[in-house]
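Both backbone and side-chain heavy atoms feed into the values below; hydrogens, waters and symmetry mates do not.
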Amino acid sequence: MTQEINFAYQPSEHENEKASNSYLMSLVAVIAGLPLPIINLLATFFFYLANRKSTFFVRWHCTQALLSQAVLLFANSYSFWWTVSIIFTDEKVSNHYFAYLFTVIVFNILEIISTIYCAIQTRKGKHVKVFFFGNVTNLICKS
């Protein structure tokens, strides 16, 4: 799911902390705005904006954290609004709903685990690529 990459460049302690905080920002946002899926993305986006002119290491990890939150936004939003429609309309609970909800919960748990792992590793100065998001981040971020 994640892959450590060895860079010749060794980031400073300050860079490690900023890169680690880019991942932690989404976890803090989960606590603050749990039922609203957009809160995680907004918190990560504002942290990205604050650090977009930082060093490559920090910018790269801010971008990877933002991309992972952006993808989760769609899945979480769909499940949120589907649940709201079940509660407030005549729509019935179905097996499809429970299957989708289970899938979204599994993806969110995997995201939390990978976020914690990335935060810990980047705090140590290691460059970690998350499956799929790391490759897309490489396309977006230029050194």
Side-chain angles (χ1 to χ4, degrees), residues 1-89 91 93-94 96-143:
M1 184 156 68
T2 59
Q3 175 186 15
E4 282 186 36
I5 306 296
N6 289 327
F7 270 173
Y9 173 74
Q10 287 299 325
S12 68
E13 186 65 26
H14 180 68
E15 291 174 286
N16 294 344
E17 184 177 354
K18 276 188 169 183
S20 178
N21 288 344
S22 69
Y23 295 107
L24 294 177
M25 189 58 60
S26 64
L27 294 177
V28 170
V30 166
I31 296 167
L34 188 60
L36 299 175
I38 190 92
I39 301 296
N40 299 357
L41 181 65
L42 288 175
T44 308
F45 178 70
F46 288 128
F47 193 83
Y48 167 79
L49 286 178
N51 292 291
R52 71 180 181 260
K53 301 213 188 249
S54 191
T55 63
F56 176 72
F57 183 77
V58 174
R59 192 168 19 104
W60 194 94
H61 286 284
C62 287
T63 304
Q64 180 171 259
L66 180 62
L67 288 173
S68 67
Q69 289 302 311
V71 169
L72 271 183
L73 173 71
F74 295 109
N76 289 343
S77 294
Y78 191 78
S79 64
F80 175 79
W81 289 112
W82 196 352
T83 303
V84 167
S85 72
I86 288 172
I87 293 171
F88 294 113
T89 66
E91 187 172 348
V93 178
S94 66
H96 293 351
Y97 170 75
F98 284 118
Y100 185 79
L101 198 60
F102 176 76
T103 303
V104 168
I105 289 170
V106 168
F107 281 140
N108 277 280
I109 290 170
L110 289 174
E111 168 66 19
I112 289 170
I113 291 168
S114 69
T115 298
I116 292 169
Y117 177 78
C118 288
I120 291 169
Q121 296 305 314
T122 54
R123 185 71 173 111
K124 294 177 183 176
K126 297 178 181 174
H127 183 68
V128 180
K129 284 175 52 174
V130 178
F131 175 73
F132 178 72
F133 300 115
N135 293 332
V136 175
T137 304
N138 283 336
L139 295 173
I140 294 171
C141 282
K142 303 294 179 204
S143 55

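- Here the closest heavy-atom approach between residue Thr122 and residue Ser20 is recorded as OG1-CA, 3.3 Å.
- The side-chain heavy atoms of Val130 and Cys118, taken from C-beta on, include a pair separated by under 4.5 Å.
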Open item on the list: Could you walk me through whether Ser77 and Ile38 satisfy the side-chain contact (heavy atoms from CB on, under 4.5 Å) test, starting with their C-alpha distance in whole Å, then the side-chain angles of each, then the deciding distance to 0.1 Å, before giving a yes or no?
Closed with: CA-CA 8 Å; Ser77 294; Ile38 190 92; over 6 Å; no
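- A 4.5 Å side-chain heavy-atom check between Asn40 and Leu72 finds every atom pair outside the cut-off.
- Partners of Tyr97 according to the ring-ring contact (aromatic ring centres under 6.0 Å, His included) rule, which considers only residues two or more places apart in sequence or in another chain, are Trp82.
- For Tyr100 and His96, the gap between ring centers reaches or exceeds 6.0 Å.
- Note that CG of Leu66 is 10.5 Å distant from CZ of Phe133, once rounded to the nearest 0.5 Å.
- Side-chain atoms of Lys124 and Asn16 include no donor-acceptor pair closer than 3.5 Å.
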Task: Residues Gln69, Thr44; criterion side-chain hydrogen bond (donor to acceptor under 3.5 Å, both in side chains); working and verdict - done: CA-CA 8 Å; Gln69 289 302 311; Thr44 308; 5.0 Å; no
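- With rounding to the nearest 0.5 Å, the separation of CD1 in Ile116 from CD in Glu111 is 10.0 Å.
- Within the model, atoms OG1 of Thr63 and OH of Tyr48 stand 4.5 Å from one another, a figure rounded to the nearest 0.5 Å.
- Lys129 places a side-chain heavy atom less than 4.5 Å from the side chain of Asn138.
- Among residue pairs with one or both ends in residues 11-31, those qualifying as salt bridge (Lys or Arg N to Asp or Glu O under 4.0 Å) are Glu13-Arg123; sequence neighbours excluded.
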TODO: Applying side-chain contact (heavy atoms from CB on, under 4.5 Å), run through Leu27 and Leu24 and close with a yes or a no.
DONE: CA-CA 5 Å; Leu27 294 177; Leu24 294 177; 4.1 Å; yes
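- In this structure a side-chain-to-backbone donor-acceptor pair under 3.5 Å is present from Ser68 to Ala65.
- To the nearest 0.5 Å, the span separating OG on Ser54 from CZ on Arg59 amounts to 8.0 Å.
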Task: Pair Ile87-Val84, side-chain contact (heavy atoms from CB on, under 4.5 Å): steps then yes or no - done: CA-CA 5 Å; Ile87 293 171; Val84 167; 5.7 Å; no
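- Here Arg52 contributes atom CZ and Cys141 contributes atom SG; the two are 13.0 Å apart, rounded to the nearest 0.5 Å.
- Gln64 places a side-chain N or O within 3.5 Å of a backbone atom of Val128 that can act as its donor or acceptor partner.
- Here CD1 of Ile140 is found 10.5 Å from CH2 of Trp60. Values are rounded to the nearest 0.5 Å.
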TODO: Check step by step if side-chain contact (heavy atoms from CB on, under 4.5 Å) holds for His61 and His127.
DONE: CA-CA 8 Å; His61 286 284; His127 183 68; 3.0 Å; yes
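- Val136 places a side-chain heavy atom less than 4.5 Å from the side chain of Phe132.
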